[in-house]
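Just below is one structure, and these are the notes that go with it.
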Amino acid sequence: MAAKLRHWIEKDLGLPAVGSFERDFANGVRLAQVLVAAGLADDDLVRSMRQQSSSSAKQANLAALRPRLQGISVAVSATLMREVATEKR
């Protein structure tokens with residue numbers, strides 16, 4: 001499944017290669033880029049995010065993403081967002 005998701009992100013959406021899903025998506029920026037490329041969010045979402053790996057940047061970015069994800073009917077709990085930020089599998 002990871003290979004199919006990687007192909008979709010890289011080939012179909014035209015985004016940069018994914019190295020590690022856990023690391024690459026931990027600060028929320030990559031997920032925002034996916035939403036924008038898929039037509040589910042506007043560029044302002046990515047521009048508003050901090051391209052950093054600090055805890056505060058991850059928390060702020062993921063907090064900004066949460067309502068967007070919920071708006072497209074993706075169930076997102078605080079626990080899930082914490083696990084993403086800490087790069088849990």
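Numbers here are sequence positions counted from 1.
Between the D24 side chain and the G19 main chain, a donor and an acceptor come within less than 3.5 Å of each other. Distance alone, capped at 3.5 Å, places no donor-acceptor pair between the R30 side chain and the F21 backbone. The backbone N or O of A17 lies less than 3.5 Å from no partner atom in the side chain of R6, so there is not a single donor-acceptor pair.
Between R82 atom CZ and L80 atom CG the span is 10.0 Å, to the nearest 0.5 Å.
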Can I get a per-line list of side-chain donor-acceptor pairs under 3.5 Å for residues 35-45, giving both atom names and the distance, sequence neighbours left out?
unit_1: D42; atom_1: OD1; unit_2: D44; atom_2: N; d: 3.2
unit_1: D44; atom_1: OD1; unit_2: R47; atom_2: NH2; d: 2.4

Give every donor-acceptor pair under 3.5 Å between a side-chain atom in residues 58-68 and any protein atom, sequence neighbours left out.
unit_1: K58; atom_1: NZ; unit_2: A85; atom_2: O; d: 3.0
unit_1: N61; atom_1: OD1; unit_2: R50; atom_2: N; d: 3.0
unit_1: N61; atom_1: ND2; unit_2: N27; atom_2: O; d: 2.9
unit_1: N61; atom_1: ND2; unit_2: R50; atom_2: O; d: 2.8
unit_1: N61; atom_1: ND2; unit_2: A57; atom_2: O; d: 3.4
unit_1: R66; atom_1: NE; unit_2: V76; atom_2: O; d: 3.1
unit_1: R66; atom_1: NH2; unit_2: V76; atom_2: O; d: 3.0

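Note on residues 44-87: no pairs pass ring-ring contact (aromatic ring centres under 6.0 Å, His included), not counting sequence neighbours. Applying the ring-ring contact (aromatic ring centres under 6.0 Å, His included) rule to pairs touching residues 28-48 yields nothing, sequence neighbours excluded.
For V34, the side chain to side chain contact (heavy atoms under 4.5 Å, CB included) partners at least two apart in sequence or on another chain are W8, I9, L13, L15, F25. Scanning for side chain to side chain donor-acceptor pair (under 3.5 Å) contacts around S73 gives an empty result, with sequence neighbours left out.
Hydrophobic clustering of Ile, Leu, Val, Met, Phe, Trp and Tyr side chains at less than 4.5 Å, counting indirect connections, keeps V74 apart from V46.
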